[in-house]
Every structure is written in C-alpha cells, then in structure tokens.
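Below is one structure, written out as structure tokens; the observations come after it.
Because the structure is predicted, anything quoted here is derived from the model rather than measured.
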Amino acid sequence: MLQAATGALAEAALSPDDVDAVFLDAMADPGADAAEAEALRLLGERASRVPVTAPKAGYGRCYAAAAVLDVATAVLALEHGVVPPTPGVRGCRFDLDLVTGAARPVDLRTVLVLSRGLYGGNSALVLRHPESPTSGGM
C-alpha cells in the first residue's frame, strides 16, 4: 500500500504534504488495516492529523465496484469541501484522525484514495480539486 500511495503522489507531481484527506480501503482485517495505517507514515508527522475516512464501511466491498464508489465519494468530498464520516464506526485503534459521526468541513485540494484487491493488489489514486493553484484539472 505504501508503494502504491508513494507512486500515485509521484505521478501526480505532489508531495505527501499536499494530501488533505485520505480515503482508506479499510478491509476490516486486522493485518490489512494495520498495514494500511502503517502506509500512512508517508504523511510524516501529519499522519495523525490528516482526516481519514472509510466510506466502504457503509456500502461494503461491492465486489470490484468498491474502489469506484470511493472515488466518486472523494470527488463529491472535493466538490463540497467535506470529508464524509466512516459509517457505523465510533473510534479507531490506530493513531489516525478517523472522521466519524458527521461529515467534517475541510479545505480540500488533494485527496488520496487507497484501495486493495482481495488477492493482494494495491492501488492508490490522487484526486486534485480543479481550482487548486497547481492543478491542471482532476
């Protein structure tokens, strides 16, 4: 997951400091979730302060469609300037700023969406608000 996230940021010509929110895959598997939380170390000392969410907790994995739904949710988050809450979750066992309860207003310019396949594939996508100063569009 770390390699996918690092690669996505490099391809977008952005640094981890540019990430305003992260959409987690949150497989609900202790080992997979720990690895995903560990991958967020790429955010450095900001890792515990960058808002993260796992919308999949509300709609499930949806076979191959879960990542697409996360991307659509992230696009809406960028458009409306809010990070949606992680449904049905009240806390986080990792040192992350998991958004729960209600959507959180955030000045979003860049969102990192993480996803994984059931057989070990990892992917990451960086979305940038089209009105961002360094953005040529999403």
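The only option from Asp17, Leu14, Leu78 that meets the side chain to side chain contact (heavy atoms under 4.5 Å, CB included) definition with Thr110 turns out to be Leu14. Checked against Val126 for a side chain to side chain contact (heavy atoms under 4.5 Å, CB included), the options Asp18, Leu9, Val19 give a single hit: Leu9.
Side-chain atoms of Arg46 come within 3.5 Å of backbone atoms of Pro16 as a donor-acceptor pair (strictly under, hydrogens ignored). Not a single donor-acceptor pair under 3.5 Å links the side chain of Thr86 to the backbone N or O of Thr53. No side-chain donor-acceptor contact under 3.5 Å links Asn122 to the backbone of Ala4.
Residues Arg49 and Asp97 are not paired through a salt bridge, judged by the lack of any N-O separation under 4.0 Å between the basic side chain and the carboxylate.
Residues forming a side-chain contact (heavy atoms from CB on, under 4.5 Å) with Pro85 (at least two apart in sequence, or on another chain): Val99, Ala103. The side-chain contact (heavy atoms from CB on, under 4.5 Å) test applied to Ala74 returns Phe23, Val111, Val113, Leu127, not counting sequence neighbours. Partners of Thr100 under the side-chain contact (heavy atoms from CB on, under 4.5 Å) rule, at least two apart in sequence or in another chain, are Val89, Leu98. Remark: Ser48 pairs with Asp95 by the side-chain contact (heavy atoms from CB on, under 4.5 Å) rule, at least two apart or across chains.
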Under 3.5 Å, sequence neighbours excluded: what are the donor-acceptor pairs made by side chains of residues 31-45?
{"from": "Asp33", "atom 1": "OD1", "to": "Met27", "atom 2": "N", "distance (Å)": "3.0"}
{"from": "Asp33", "atom 1": "OD1", "to": "Ala28", "atom 2": "N", "distance (Å)": "3.3"}
{"from": "Asp33", "atom 1": "OD2", "to": "Ala28", "atom 2": "N", "distance (Å)": "3.2"}
{"from": "Glu36", "atom 1": "OE1", "to": "Ala26", "atom 2": "N", "distance (Å)": "2.8"}
{"from": "Glu36", "atom 1": "OE2", "to": "Asp25", "atom 2": "N", "distance (Å)": "2.6"}
{"from": "Glu38", "atom 1": "OE2", "to": "Arg41", "atom 2": "NH1", "distance (Å)": "2.9"}

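A heavy-atom distance below 4.5 Å is not found between the side chains of Val82 and Arg104. Within the 4.5 Å cutoff, the side chain of Val22 has heavy atoms near those of the Val50 side chain.
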